[in-house]
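Throughout, numbering of the chain's residues begins at 1 and tracks the sequence. None of these values were measured; they are calculated from a predicted model.
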Amino acid sequence: MKGTEAETKMGRVLLGIVLGIVLVPLAALAWLHFGKVPVAVTDPPFYREHLLTEVPLHARVDRELVKTPPMQADENNLVAGAAIYRDRCAVCHGFHGKPSVFGPHMFPDAPPLWKSTTMGRKP
């Protein structure tokens, strides 16, 4: 009698594991399929979204940080960098004295690069 009781318990455990493996991904796919994900700019971030974006971002920045600069900070390089910033970055990060209109509404927000920042970290 103890053998059938143990088999019944083991069967329930295995059924629970199988249902968990099947139902959890199906629930996630249904959530994505029916449009419940906050993707509009005006939507608030979903629960713990900052963990999905900020943690990997900071880890990658720390890993790929250049220890010794490959070029000198002379006038030609600074002017060329300012032109690249104007063409490719200013639309989201803004100019000095003229912040971006939609940069603060992005997630994670595109901070104004003219101000000192710690990228959301505590100094």
Side-chain angles (χ1 to χ4, degrees):
M1 182 131 177
K2 286 193 175 203
T4 50
E5 201 173 301
E7 289 174 0
T8 303
K9 286 184 181 182
M10 182 57 75
R12 288 181 182 173
V13 169
L14 290 175
L15 179 64
I17 291 172
V18 169
L19 286 177
I21 290 173
V22 171
L23 290 180
V24 170
L26 284 177
L29 287 173
W31 184 61
L32 293 171
H33 177 73
F34 292 111
K36 299 297 183 186
V37 181
V39 293
V41 173
T42 56
D43 286 343
F46 60 91
Y47 181 71
R48 300 287 185 186
E49 182 174 356
H50 67 280
L51 291 177
L52 297 174
T53 56
E54 291 178 11
V55 171
L57 172 67
H58 294 313
R60 184 165 185 167
V61 167
D62 290 341
R63 184 179 66 244
E64 295 182 6
L65 185 66
V66 177
K67 306 300 183 228
T68 55
M71 61 182 72
Q72 297 299 319
D74 60 11
E75 184 177 354
N76 290 334
N77 289 334
L78 294 174
V79 169
I84 292 170
Y85 180 87
R86 179 194 64 223
D87 296 340
R88 298 183 182 179
C89 306
V91 70
C92 295
H93 295 284
F95 288 107
H96 183 64
K98 186 179 179 191
S100 171
V101 175
F102 59 87
H105 302 289
M106 299 169 73
F107 188 83
D109 66 337
L113 298 180
W114 297 99
K115 296 180 181 177
S116 177
T117 181
T118 58
M119 291 180 55
R121 298 180 186 175
K122 293 181 180 178

For residues 99-109, which side-chain N or O atoms pair as donor and acceptor with protein atoms under 3.5 Å away, sequence neighbours left out?
from : atom 1 : to   : atom 2 : distance (Å)
S100 : OG     : V91  : O      : 2.9
S100 : OG     : C92  : O      : 3.2
S100 : OG     : F102 : N      : 3.4
S100 : OG     : G103 : N      : 3.0

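- Judged as a side chain to side chain donor-acceptor pair (under 3.5 Å), and not counting sequence neighbours, the contacts of R60 are E64.
- Each ring-ring contact (aromatic ring centres under 6.0 Å, His included) pair with one or both residues in residues 61-87, not counting sequence neighbours, appears once here: Y85-W114.
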Could you list the donor-acceptor pairs under 3.5 angstrom formed between side-chain atoms of residues 65-82 and any protein atom two or more places apart in sequence or on another chain?
from : atom 1 : to  : atom 2 : distance (Å)
D74  : OD1    : N77 : N      : 3.0
D74  : OD1    : N77 : ND2    : 3.1
N77  : ND2    : Q72 : O      : 2.7

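- Put simply, the side chain of H93 gets close to the backbone of P111: a donor and an acceptor are under 3.5 Å apart.
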Please tabulate, for side-chain N and O atoms in residues 19-34, each donor-acceptor pair with protein atoms closer than 3.5 Å (sequence neighbours left out).
none

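- Rounded to the nearest 0.5 Å, atoms CE (M10) and CG (L14) are 6.0 Å apart.
- With L57 as the fixed residue, the side chain to side chain contact (heavy atoms under 4.5 Å, CB included) test singles out one of T53, V55, V61: V61.
- Residues that satisfy the side chain to side chain contact (heavy atoms under 4.5 Å, CB included) test with D43, not counting sequence neighbours, are P38, A40.
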